[in-house]
Amino acid sequence: MSLMRSADSSTSYSEPGRYVRKSSSDSGDLSAQILNSDKQMLHYGLSSYQSDIYDQQFFTNPSAGNPYNSFFATVRHQGLSISNNYQQATQSPSDGQSPDLEMDYDEIEIRLKLQELERALLGENDDDFIDLGQEMCIDDDWAEPIQNIVISNSPKESSSDSNISSISSGNREIRTPKQLLFDCAALILDGNAEEAQATISELRQIVSIQGDPPQRLAAYLVEGLAARLASSGHGLYTALKCKDPPTTDRLSAMQILFEICPCFKFGFMAANGAIAEAFKDEERVHILDFDINQGSQYITLIQALSASHTKPRHLRITGVDDPETVQRAVGGLNVIGRRLEQLAEEAGVPLEFRAIAAKTSDVMPSMLDCRSGEALVVNFAFQLHHMPDESVSTVNQRDRLLRMVKSLKPKLVTVVEQDVNTNTAPFFPRFVEVYNYYSAVFESLDATLPRESPDRMNVERQCLARDIVNIVACEGADRIERYEAAGKWRARMMMAGFASCPLSSYVNGAIRSQLKSYCDRYRLKEENGALYFGWEDKILVVASAWK
């Protein structure tokens, strides 16, 4: 499957800084225009940015040996250097060792039972994941192996059918990368640093970012385990941060991921469809976005408005600009705002863009310039999970932000998040959650881009590896990627005073229809008014709307 079907594209980058619109449908239905995104998304040539935004030597120099080794050797050096400076200011218990390594098994068992209770109370009904009559259930096969480890009081005594293979000091059976990863995680949990390091060395010899999905995932997971063992997760997470912001004729790796992985793309489409329906009868609309990224979500929205007979007389978009974002070096969100305003002018849509230079946690209602007579829509797309909650600090920025937004009395709030629990789960079950979740993500990318694609490697390296390392290697305030299951997001929204606003049958049907043009291993279901997007038996992304 090609990355984009050029025959269907309605927009392309032809000159730096200019969006060129091709012919669009004459339909006046705003929702139809937005949801027909294959005819409205950006068309971009991979070769145009491939040689600029990425280091080609990383994957084109056969004499350099395994590119996995050369890349991570550099990143590990950067990460350790940053981490050393960081640790001088903030020493963790036991000479920098993670608190999880000091945890006894009684405490682990208690926390696991609490997690089971939490899932029972807040989890989804996962046994009816349906797409066009096909059943789907959530992958939960790691629960029994974890219980075996806890009950036996030693990761070396797990059962023969467990995900953890037995570890012996004598002759070892040949173990798969998955078995080695779980062995290593168990060794780290047990405080056996020496054998864990030996397992890491063994893994580094057999994994590759150019291999099949399990090998590629293992290549990044092993670095997360190594960083956890060395207490260098914070530094490695910082070193992996994309330092080169996209320019006028190049897309960021995150934008490419959102486009090539339908689950992410359809999450944006569902949010856009809900937004369009919320203000189709409004004359003045204000959209507040706390993580606008490169603004690609609003390109299709503006294009749809240009073809609609019910567009508002005035549209305002406010984007919050984290001072540490990679866009700041090249002008921050002001550059993105100018691009959107230029596109809107060409499309005949009245648009006013405003950037707020502040971290999300520092945003106050007085900074947002909400005006009477405007319909306010708040968009949370892959952003809320970055806010620390009550498990990190008594301040609980996650719930405080939701309550603050509720006080603004928005007409609609959209939430798009990845469906995996990396927030409160203890280290080992969190590691298994990450393995199961990202296994599905990596496999789905194989269905979209060829195995040898350098663009696939760079998307995985720049977008997915950073999350994986942070989730596996970091604890406390350093763990930024704190995803939650859909049931917990629903509970948080309701506790903040929001009521579910089910996505319309039109939005559901339009996305379901487009899904048929992709690999038949993608799944879609509707439950509790939200849309769940998945790969085979694993939910990946959930989109919901609230009022």
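Here the structure is a predicted model, which means the values were calculated and not measured. Because only heavy atoms are used, hydrogens play no part in the values below, and waters and symmetry mates are left out as well, while side chains stay in. Residues: numbered from 1 along the sequence shown.
Looking only at side-chain heavy atoms (C-beta outward), L515 and F533 stay at 4.5 Å or farther from each other. Under the 4.5 Å side-chain criterion, counting only non-hydrogen atoms from C-beta, W489 is in contact with L384. Side-chain contact check for R216 versus D446: some heavy-atom pair is nearer than 4.5 Å.
By the 6.0 Å and 45° rule, R228 stacks over the aromatic ring of F427.
Taking the six-membered ring where the residue is Trp, the centroids of F182 and Y435 are separated by under 6.0 Å. The six-membered or imidazole ring of F382 lies away from that of F290, with a centre-to-centre distance of 6.0 Å or more.
When every heavy atom of I200 is checked against every heavy atom of A226, the shortest pair comes out as CD1-CA, 3.6 Å. Of all the heavy atoms in L445 and C261, the pair that sits closest is CD2-CB, 4.2 Å. Across all non-hydrogen atoms, the minimal contact from V416 to A271 is CG2-CB, 3.9 Å.
Between the side chains of T300 and N272, at least one donor-acceptor pair of N or O atoms lies under 3.5 Å. Side-chain atoms of E433 and T422 include no donor-acceptor pair closer than 3.5 Å. Side-chain contact check for Y483 and K488: no donor-acceptor pair (N or O, by modelled atom type) lies under 3.5 Å.
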(request) Could you give me the CA-CA distance, side-chain angles and deciding distance for F266 and Y522, then say whether ring-ring contact (aromatic ring centres under 6.0 Å, His included) is met? (result) CA-CA 11 Å; F266 289 144; Y522 285 106; 8.0 Å; no
(request) Check the pair N379 / Q297 against side-chain hydrogen bond (donor to acceptor under 3.5 Å, both in side chains), numbers first and verdict last. (result) CA-CA 10 Å; N379 184 49; Q297 180 177 352; 3.0 Å; yes
(request) Please report the C-alpha distance between T360 and Q383 in whole Å, then the side-chain angles of each, then the deciding distance to 0.1 Å, and finally whether the side-chain hydrogen bond (donor to acceptor under 3.5 Å, both in side chains) criterion is met. (result) CA-CA 10 Å; T360 300; Q383 193 277 337; 3.2 Å; yes
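A salt bridge between K538 and D419 is absent, with no side-chain N of the basic residue lying under 4.0 Å from a carboxylate O of the acidic one. With respect to the salt-bridge test (charged N to carboxylate O, under 4.0 angstrom), the residues R492 and E484 qualify. R466 and E460 are not joined by a salt bridge, as no carboxylate oxygen comes within less than 4.0 angstrom of a charged side-chain nitrogen. K178 has no carboxylate O lying under 4.0 Å from a charged side-chain N of D183, or vice versa, which leaves the two without a salt bridge.
A donor-acceptor pair is defined here as one N or O able to donate and one able to accept, closer than 3.5 Å; no such pair exists between the side chain of E481 and the backbone of I468.
Classified by interplanar angle (parallel below 30°, tilted 30° to 60°, perpendicular above 60°), the ring pair F442/Y438 is perpendicular.
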